[in-house]
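What follows is a single structure, written as structure tokens, with notes after it.
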Amino acid sequence: MNPGRGPKLLTQVRQAIRLHHYSRRTEEAYVGWVRRYVRFSGMCHPAELGGEDVRRFLTALADQGRVSASTQSQALSGLLFLYRQVLGRELDPLAIVRPVKPVRLPVVLSRDEVRALLDALTGVPRLVAILLYGSGLRMLEALGLRVKDLDFATGEVVVRRGKGDKDRITMMPDSVREVLAGHLTRVRLLHQRDLASGGGCVPLPGAIHRKFPGAGREWAWQFVFPATRRHLDPASGLQCRHHLHESVVQRAVKRAVQVARIAKRATCHSLRHSFATHLLEDGYDIRTVQELLGHRDVATTMVYTHVLNRGGFGVRSPADRL
């Protein structure tokens, strides 16, 4: 490969990632690691570098940057993708050591803590938080919901293009149906005002905007949790309204944790962890919980069996027998 010809390196990386249909977040992460690797190597082209250079970069991340094992592993994955899919090379396996990720137990809230947290929330962040806990959704899965993904008749929520680009079905909590229906009424009024002012468009996945040019203005495709402002969509060139940014909910949940005086490092994702743990506490089969969470391997779901509210591994302490 001649580094001086053809598209720029980062453009090639983006093209290869999109060819493999990786998520936009994975694309930004991999491109960022390639950029840092090139700068670390004195702006040398990766084609002129090899396994030992990658090893030195990863070592510097651990020694000087003091990054976590998961961050170091992500950096390695990005560079392996670069060499395999873009440069067409395999790195020396003896020079590459994948960091061992420590096993961490998830932060799980008790039912009383979940109730206190939700009581400290208001408005749209509270509605999103209820879906995180009541349906087991990830943050971006909840914010990326479209109107067509909610089935009030069957009480189902359809998750499209979840983690691993997989679809799945989970439940819609009965306690939130009426509130969610009222929220959609307000969203529809906003959509009608957008249409009247020449907007009303949302970004669409894949090439749907080319196959069905008017789909972006249809009610079924609108986001359940739209952003407060519109923006110019580079794909279609139209004024679109994206979904609510995750930072809005994250900040609200952080404040609610403080207001509720919860002495745990609880985040939005803790509500999903609590969803799984409380289902297992209620006696539901772990395979069912796996399907609802969208885990590829049941071993991922098994971590929640270790945080059930039964003491260490369900064992009774000998101190309680004294």
Side-chain angles (χ1 to χ4, degrees), residues 1-58 60-61 65 67 70-93 95-96 98-99 138-141 143-144 146 159-167 201-213 215-216 221 223 227 231-240 242-243 245-246 294 296:
M1 173 182 175
N2 186 346
R5 294 183 179 180
K8 292 184 178 180
L9 176 66
L10 296 184
T11 301
Q12 295 179 54
V13 173
R14 291 185 184 276
Q15 291 173 346
I17 290 174
R18 292 172 187 178
L19 178 64
H20 286 77
H21 296 280
Y22 287 4
S23 70
R24 182 57 59 91
R25 288 201 163 193
T26 300
E27 175 182 329
E28 296 304 323
Y30 281 12
V31 168
W33 286 120
V34 171
R35 184 181 290 114
R36 289 182 63 173
Y37 173 58
V38 171
R39 290 175 178 171
F40 174 83
S41 304
M43 302 305 292
C44 291
H45 195 282
E48 303 169 357
L49 306 172
E52 286 298 329
D53 300 287
V54 172
R55 184 188 182 96
R56 283 194 293 271
F57 174 65
L58 296 177
L61 286 178
V67 301
S70 59
T71 300
Q72 190 179 358
S73 180
Q74 184 193 65
L76 175 58
S77 297
L79 296 181
L80 288 176
F81 182 89
L82 166 69
Y83 278 96
R84 290 171 179 170
Q85 306 298 335
V86 179
L87 303 180
R89 285 174 49 191
E90 285 290 341
L91 296 176
D92 181 6
I96 302 300
R98 185 173 288 275
R138 299 178 178 91
M139 171 66 79
L140 289 181
E141 290 174 347
L143 296 181
R146 314 265 182 166
V159 179
R160 307 283 185 184
R161 297 175 177 84
K163 189 174 182 179
D165 200 24
K166 296 186 299 182
D167 293 356
C201 180
V202 292
L204 300 175
I208 294 180
H209 68 280
R210 292 198 300 269
K211 297 177 182 178
F212 308 100
W221 282 100
F223 287 113
H231 75 287
L232 183 65
D233 181 39
S236 61
L238 301 174
Q239 284 288 333
C240 293
H242 208 269
H243 63 65
H245 196 270
E246 60 265 31
R296 181 178 301 171

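Treat the numbers as computed from the prediction; the structure is a model and nothing was measured.
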I96 side chain near E90 side chain, heavy-atom distance below 4.5 Å: no
In terms of heavy-atom contacts, does CZ of R89 have more than 12 from other residues, nucleotides or ligands at under 6.0 Å? yes
Heavy atoms, side chains only, cut-off 4.5 Å: are H45 and L87 in contact? yes
Quick check: closest heavy atoms across W221 and P205, and the distance to 0.1 Å? CZ3-CD, 3.9 Å
Would you indicate whether the side-chain heavy atoms of L76 and L58 approach each other to under 4.5 Å? yes
Between the CZ atom in R39 and the SG atom in C44, the distance rounded to the nearest 0.5 Å is 14.5 Å
Mind running side chain to side chain contact (heavy atoms under 4.5 Å, CB included) on R146 and L204 for me, showing each step along the way? CA-CA 10 Å; R146 314 265 182 166; L204 300 175; 4.0 Å; yes
In short, L143 meets H245 closest at the heavy-atom pair CD1-C, 4.0 Å
Above 12 or not: heavy atoms from other molecules or residues under 6.0 Å from CZ of R98? yes
The criterion is side chain to side chain donor-acceptor pair (under 3.5 Å); which residues satisfy it with R56, sequence neighbours excluded? D53
Mark yes or no for whether H231, through its side chain, and C240, through its backbone, hold a donor-acceptor pair below 3.5 Å. yes
Are V202 and H242 close enough that some pair of their side-chain heavy atoms sits under 4.5 Å apart? no
Heavy-atom closest contact (A75 atom, L61 atom, distance): CB-CD1, 3.8 Å
Taking side chain as C-beta onward, heavy atoms only, is K163 less than 4.5 Å from R138? yes
Heavy-atom pair of closest approach, residues R160 and D167: CA-OD1, 3.4 Å
For W33, enumerate each residue passing the side chain to side chain donor-acceptor pair (under 3.5 Å) test, keeping only those at least two apart in sequence or located in another chain. Q74
Looking at Y83 and G50, what are the two nearest heavy atoms and their distance? OH-N, 4.0 Å
Hey, are the side chains of Y37 and V54 touching, using non-hydrogen atoms and a 4.5 Å cut-off? yes
So, the side chain of K166 versus the backbone of G294: is there a donor-acceptor pair under 3.5 Å, distance only? yes
Pairs under 3.5 angstrom only: tabulate donor-acceptor contacts from the side chains of residues 16-23 to other protein residues two or more places apart or in another chain.
from	atom 1	to	atom 2	distance (Å)
R18	NE	E27	OE1	3.1
R18	NE	E27	OE2	3.4
R18	NH2	E27	OE2	2.8
H20	ND1	A16	O	2.8
H20	NE2	Q85	OE1	3.3
S23	OG	T26	N	3.2
S23	OG	T26	OG1	2.9

Between Q12 and V34, is there a side-chain heavy-atom distance shorter than 4.5 Å? no
Rounded distance (nearest 0.5 Å) linking atom CZ of R25 with atom CG of L140: 4.5 Å
